[in-house]
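Have a look at the structure below, then the notes.
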Protein chains: 2
Amino acid sequence: MGERAGELINRIAVLRAEYKMTQQELAQKAGVSRQTIISIEKGKYTPSLALGFEIANAFGVDINEVFQYNKGEVGK
Amino acid sequence: MGERAGELINRIAVLRAEYKMTQQELAQKAGVSRQTIISIEKGKYTPSLALGFEIANAFGVDINEVFQYNKGEVGK
DNA sequence: ACAAAAAGTAAAAATTACTTTACATTAGGT
DNA sequence: ACCTAATGTAAAGTAATTTTTACTTTTTGT
């Protein structure tokens with residue numbers, strides 16, 4: 001029960017490159033620490049929905065452009 | 001520092017009514033407990049992004065149709 | 001090559017999400 | 001009125017996220 005069914009992938013690094021935004025800047029805009037951005041960007045854990053939205057509108061894009069959820073391989 | 005900048009509102013109750021889905025059923029489809037659904041539906045806390053997506057595709061709708069984030073009133 | 005900025009790693013502490021259990025209330029059907 | 005399903009409340013415990021601090025490595029510009 002440690003992991004949820006699906007996998008969450010994010011395009012934060014891509015978007016940061018595209019918008020030339022540093023982790024520090026993104027962290028400030030989203031209102032979290034730089035560590036949080038790093039961890040999420042690297043997929044170490046999944047952020048809260050609120051933070052997801054904050055990150056999305058730090059870039060000014062829809063949340064679906066930042067995060068994609070591939071629901072769990074039920075058929076294994 | 002207890003609260004994030006913006007407020008997250010959800011349309012879970014509305015969607016459940018629309019799709020005639022019980023909290024129990026939604027909980028099962030999303031892979032969480034009924035309590036979790038209740039608490040989120042009532043706005044007691046904000047779910048993880050993964051759970052947000054799970055709830056959205058339990059209804060088969062986009063995540064933006066379930067959750068809306070009004071970014072914090074910075075100007076107070 | 002050098003300096004500075006950006007990115008990365010790690011780990012403990014604090015906070016928040018989620019589970020489980022158990023019981024109280026409300027709504028619907030007969 | 002009765003029964004049952006659905007919703008709600010509460011509290012204690014576990015698991016996950018986020019912060020804070022400190023240090024290492026990589027990248028970039030000059």
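Keep in mind it's a predicted model, so treat the numbers as computed, not measured. In what follows, chains are A, B, ... by sequence order, proteins preceding strands, each numbered from 1.
Listed here is the closest heavy atom pair of B/D62 and A/N64: OD1-ND2, 3.0 Å. Here the closest non-hydrogen pair linking A/L26 and A/A58 is CD1-CB, 3.6 Å. Heavy atoms only, all atoms of each residue included: B/F53 and A/F67 are closest at CZ-O, 3.8 Å. The heavy-atom pair separating A/E41 from A/N10 by the smallest distance is O-ND2, 3.4 Å.
Note: CZ (B/R34) to P (C/dA22) measures 14 Å, nearest angstrom. Look at CG on A/L49: it is 16 Å from P on C/dT16, rounded to the nearest Å. Rounded to whole Å, atom P of C/dA7 lies 12 Å from atom NZ of A/K20. To the nearest angstrom, P of C/dA6 lies 8 Å from CD of A/Q24.
At the heavy-atom level, A/T22 lies under 4.0 Å from the strands shown only through sugar-phosphate atoms. Within 4.0 Å (heavy atoms only), A/T46 reaches sugar-phosphate atoms of the nucleic acid but no base atom. In this structure, B/K42 reaches the sugar-phosphate backbone alone: every heavy-atom distance under 4.0 Å involves primed, P, OP1 or OP2 atoms, never a base.
Linking ILVMFWY residues whenever their side-chain heavy atoms come closer than 4.5 Å, directly or via other members, places B/I55 and B/Y45 in the same cluster.
Of the residues in residues 9-19 of chain B, none lies under 4.0 Å from DNA chain C by heavy-atom distance.
Donor-acceptor pairing under 3.5 Å, judged by distance alone, is present between the side chain of A/Q35 and the base of C/dT9.
Across D/dT19, C/dT20, C/dG8, the shortest atom-to-atom separation from the side chain of A/I38 is found for C/dG8. Comparing D/dG8, D/dT19, C/dT20 by their closest approach to the side chain of A/V32 singles out D/dT19. Closest contact between the side chain of A/P47 and the listed nucleotides D/dG8, C/dC18, D/dT18 involves D/dT18.
Considering B/T46, B/L51, B/L49 as possible partners of A/S48, the one that fulfils the side-chain contact (heavy atoms from CB on, under 4.5 Å) test is B/T46.
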